[in-house]
2 protein chains.
Amino acid sequence: MATIDDVAKASGVSKGTVSSVFSKKRPISKEVTERVLAAAKELNYKPNYWARSLANKSTRIIGLNIRADKVKFSQFHLSLLNGVLGVCYAHGYRLLVNALPSSFQNRVEHMATDPVDGEILLDPENRDPRIAERLSGDVPIVLIGRPSPEYENRVSYVDNDNVEMTQQITRYLLGLGHRSFLFLNAPKFRTVADDRARGFLAAVREAGLPPSSYQVAYKPDPDNPSFDFGYETTLGMLRSHPGITAVIADTDTMALGVYKAAETLGLSIPGQLSVFAFSDDSVFSPEFTPPLTGVRLHAERLGREAATLLLEQINGAAGTFKRTIVPTDMVIRSSCTEPKLNLGGNVS
Amino acid sequence: MATIDDVAKASGVSKGTVSSVFSKKRPISKEVTERVLAAAKELNYKPNYWARSLANKSTRIIGLNIRADKVKFSQFHLSLLNGVLGVCYAHGYRLLVNALPSSFQNRVEHMATDPVDGEILLDPENRDPRIAERLSGDVPIVLIGRPSPEYENRVSYVDNDNVEMTQQITRYLLGLGHRSFLFLNAPKFRTVADDRARGFLAAVREAGLPPSSYQVAYKPDPDNPSFDFGYETTLGMLRSHPGITAVIADTDTMALGVYKAAETLGLSIPGQLSVFAFSDDSVFSPEFTPPLTGVRLHAERLGREAATLLLEQINGAAGTFKRTIVPTDMVIRSSCTEPKLNLGGNVS
DNA sequence: AGGGTTCGTTAAACCGGTTTATTGATTTTC
DNA sequence: GAAAATCAATAAACCGGTTTAACGAACCCT
């Protein structure tokens with residue numbers, strides 16, 4: 001590949017001039033500009049991205065970081081990614097998906113700064129080691145999801161109000177008459193699982209329900225499929241706790257597992273079992289049988305807001321920490337209804 | 001951020017030595033190594049990625065390129081992305097999503113080489129300008145999808161056998177007794193649309209059907225939602241051509257649009273209308289009502305194979321062009337059946 | 001006509017690493 | 001015990017750009 005020196009030589013100017021022609025950071029006469037551009041075209045020259053980044057101390061790349069040992073993007077991540085990409089697109093940034101195994105990063109020979117101007121961290125966990133690491137460098141970060149308390153005032157983040165949201169939807173189910181729940185939650189080490197558990201517990205306690213009337217199951221391993229977790233856990237729990245009339249699922253894929261479990265057990269939805277999901281899918285969930293009732297998290301908007309916040313921080317106000325709460329919408333379709341009380345028996 | 005010079009000074013060695021400690025490309029005595037590492041830790045030093053890339057002429061980054069004006073990843077792209085990411089993960093590569101608007105790239109001040117060691121091009125089109133551009137540089141590329149003929153022997157690519165596959169599934173529908181089709185195809189400028197149309201036409205001609213017995217609709221705009229295209233086109237076509245008994249949809253999301261159109265028209269699936277889809281979703285499609293019959297494209301494997309091919313090309317055999325065909329599987333569920341002939345009338 | 005600006009261009013330093021050629025010390029070999 | 005080979009470390013050149021300081025020519029003003 002031709003270098004800037006080749007072009008300088010070919011067009012009879014200094015490399016500084018060629019640089020200015022391409023960066024437009026300093027005026028160059030029209031005549032010279034044309035000569036340089038012609039020579040560049042002739043030689044098929046393009047400025048080298050790395051050299052430029054090195055000198056500029058900027059890459060116009062932002063990173064999207066998922067926990068190293070978790071490689072698969074979910075449905076939710078897809079919407080999120082689309083939101084982030086939209087902002088990147090609008091501002092001429094590229095997006096680097098950063099998912100190196102920690103075994104790789106910890107080796108001396110692979111140690112390096114991240115090649116980005118800023119980074120979005122997905123799925124924060126309690127005491128997430130990624131945060132401390134970034135905080136000591138000078139790459140701005142924005143989390144999607146709440147950081148654990150020790151970082152709460154030291155980073156920007158975008159999140160739903162998971163506590164309030166979960167409390168509200170639990171109240172909705174309580175309002176329908178449900179008194180015994182299975183809550184299929186996110187993996188325990190994720191902060192979002194805490195928040196949702198808190199909201200759920202606040203609502204059931206407020207209603208005066210005893211701990212025996214609800215089961216909270218945490219997805220053990222982020223790598224195993226949500227569908228399977230939903231299926232197996234529901235199967236097991238409904239067998240050991242046949243009084244359960246409503247299941248709250250962490251994702252719509254998980255909810256699908258619940259549907260399958262209900263089928264296996266011969267339970268009709270929503271007649272004998274109500275299913276509620278935290279979801280973001282506007283295409284598939286309405287087509288479930290029955291159409292899924294749930295709450296939209298607006299993943300795409302989460303992504304958009306996070307990217308916007310990050311760019312703000314990159315281009316100026318570094319060191320200020322903002323928090324953006326994205327509202328959620330409950331979408332009532334047909335998978336939740338009043339429970340048939342098959343214990344008391346005095347219902348129409 | 002501390003630089004290599006700071007570390008060299010702090011530990012009383014030359015920068016070359018520090019470099020060797022971190023790159024492990026040359027033996028350094030244990031004693032010196034420890035001293036350098038200690039100083040690095042003290043100063044919170046990490047090698048600068050860009051400087052390293054510049055000197056090494058390699059970033060361990062591969063690019064994923066979608067057409068500039070098409071920013072949203074589909075369901076299909078998600079699986080594909082997961083496949084690519086898996087390979088990246090295994091080999092310590094990062095993935096750069098490259099989706100800059102062409103308006104951006106064409107400005108002199110933004111011109112630059114792509115900051116990657118190699119690139120995967122998605123959704124190739126006829127006479128795709130991205131290919132020519134890459135071919136003149138020295139960044140290896142792999143396409144997912146067939147390039148148009150002029151490039152066919154000059155690039156590596158991974159694809160399904162779309163011609164054969166479509167011919168086969170059309171034969172399947174013909175075998176069930178269908179004689180009037182609606183084929184909802186991909187956007188016309190994409191090479192995949194050609195292949196599928198060819199396979200479809202081969203099958204219907206082979207069966208001796210006249211052109212009046214099938215309609216091929218191309219999705220006009222890649223940016224508009226597949227669901228809407230499926231819904232609206234099916235609605236329109238079935239009204240103007242009520243004889244149609246089978247619809248072949250390009251994606252499962254599109255098929256969902258067909259389902260909705262059937263509902264609007266009061267047609268039962270598969271009783272009055274059979275629906276077939278090119279799909280990749282193993283989670284949702286079985287849960288449609290009725291479960292969707294289709295052909296699995298194995299997007300994740302397409303991604304995996306493409307990434308593997310690309311890494312092969314990066315680490316050695318550049319200049320050799322390979323083609324990988326990923327097999328497809330027909331999955332027969334319940335959305336296709338014999339048509340009820342409501343024209344002839346002499347059927348049980 | 002002479003002093004002060006403005007403007008376009010250049011040479012050289014710089015960004016932060018890697019690498020090559022060289023050196024000096026230590027070990028091996030006969 | 002001297003020559004050869006091995007080894008660790010260094011100084012300087014290099015990767016391919018950007019930027020600063022300096023400079024000469026053209027323009028402006030009185």
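We name chains A, B, ... by the order of the sequence lines, and we start the count at 1 in each one. Given the structure is predicted, the values throughout are model-derived calculations rather than measurements.
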Participant: Over how many whole Å does the gap from B:M111 atom CE to D:dG16 atom C1' extend?
Facilitator: 17 Å

Participant: Find out whether B:R35 and B:V13 are in side-chain contact, i.e. whether some heavy atom of one side chain is under 4.5 Å from a heavy atom of the other.
Facilitator: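 Sidechains of B:V13 and B:R35: in contact.
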
Participant: Looking only at the side chain of A:N56 (C-beta and beyond, no hydrogens), which of the listed nucleotides D:dT18, C:dG17, D:dG17 gets closest?
Facilitator: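 The answer is D:dT18.
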
Participant: What is the distance, rounded to the nearest whole Å, between atom CD1 of B:I4 and atom P of C:dT18?
Facilitator: 5 Å

Participant: Considering the options A:N315, A:D117, A:V116, which one meets the side-chain contact (heavy atoms from CB on, under 4.5 Å) requirement together with A:S58?
Facilitator: A:D117

Participant: What heavy-atom pair brings B:E119 and B:L64 nearest, and what distance separates the two atoms?
Facilitator: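 Nearest heavy atoms, B:E119 then B:L64: CG-N, 4.5 Å.
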
Participant: Just to be sure I understand the rule, does A:I28 reach a base, reach only the sugar-phosphate, or reach nothing, if contact means heavy atoms closer than 4.0 Å?
Facilitator: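 The residue A:I28 makes sugar-phosphate contact but no base contact.
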
Participant: Once you round it to whole Å, what is the distance between P of D:dC7 and CD of B:E31?
Facilitator: 18 Å

Participant: At 4.0 Å (heavy atoms only), tell me whether A:K46 reaches a base, stays on the sugar-phosphate, or touches nothing.
Facilitator: sugar-phosphate

Participant: Separation of B:W50 atom CH2 from C:dC15 atom C1', in whole Å?
Facilitator: 10 Å

Participant: Assess the residue pair A:F321 and A:N153 against the criterion (side chain to side chain contact (heavy atoms under 4.5 Å, CB included)); give the C-alpha distance rounded to whole Å, side-chain angles, the decisive distance to 0.1 Å, and a yes or no.
Facilitator: CA-CA 7 Å; A:F321 303 116; A:N153 295 312; over 6 Å; no

Participant: Step by step, would you call B:Y45 with B:F22 a ring-ring contact (aromatic ring centres under 6.0 Å, His included)?
Facilitator: CA-CA 11 Å; B:Y45 166 77; B:F22 278 91; 5.2 Å; yes

Participant: Is there a side-chain contact between B:K57 and the phosphate of D:dG16, meaning an N or O under 4.0 Å from OP1 or OP2?
Facilitator: yes

Participant: When the distance from NZ of B:K24 to P of C:dG17 is rounded to whole Å, what number comes out?
Facilitator: 18 Å

Participant: Below 4.0 angstrom, which residues in residues 13-22 of chain B have at least one non-hydrogen atom near DNA chain D?
Facilitator: B:V13, B:S14, B:T17

Participant: Given atom CD of B:E34 and atom P of D:dA9, what is their separation to the nearest angstrom?
Facilitator: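 It works out to 12 Å between those atoms.
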
Participant: Identify which one of A:K322, A:R146, A:E152 satisfies the side-chain hydrogen bond (donor to acceptor under 3.5 Å, both in side chains) criterion when paired with A:Y157.
Facilitator: A:E152

Participant: Counting the atoms with a prime plus P, OP1 and OP2 as sugar-phosphate, which does B:Y45 contact under 4.0 Å by heavy atoms, base, sugar-phosphate, or nothing?
Facilitator: sugar-phosphate

Participant: Please tell me which of A:A2 and B:G12 maps to the more 5' nucleotide of DNA chain D, matching each residue to the nucleotide holding its nearest heavy atom.
Facilitator: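 On the 5' side of the pair lies B:G12.
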
Participant: Counting C-beta onward and ignoring hydrogens, is there a side-chain heavy-atom pair between A:I131 and A:P147 closer than 4.5 Å?
Facilitator: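 Of all side-chain heavy-atom pairs linking A:P147 with A:I131, at least one is under 4.5 Å.
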
Participant: Please state whether the phosphate of D:dT19, meaning OP1 or OP2, lies under 4.0 angstrom from any side-chain nitrogen or oxygen of A:K25.
Facilitator: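 Indeed, a polar side-chain atom of A:K25 lies that close.
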
Participant: Can you tell me the distance, in whole Å, between the CG atom of A:L54 and the C1' atom of C:dC15?
Facilitator: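 A:L54 atom CG is separated from C:dC15 atom C1' by 4 Å.
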
Participant: Ignoring backbone atoms, test whether B:R26 places a side-chain nitrogen or oxygen under 4.0 Å from the OP1 or OP2 oxygen of D:dA9.
Facilitator: no

Participant: Below the 4.0 Å mark, does C:dT9 have OP1 or OP2 next to a side-chain nitrogen or oxygen of A:S29?
Facilitator: yes

Participant: Please state how far atom CG in B:N48 lies from atom P in C:dG16, giving the value in whole angstrom units.
Facilitator: 7 Å

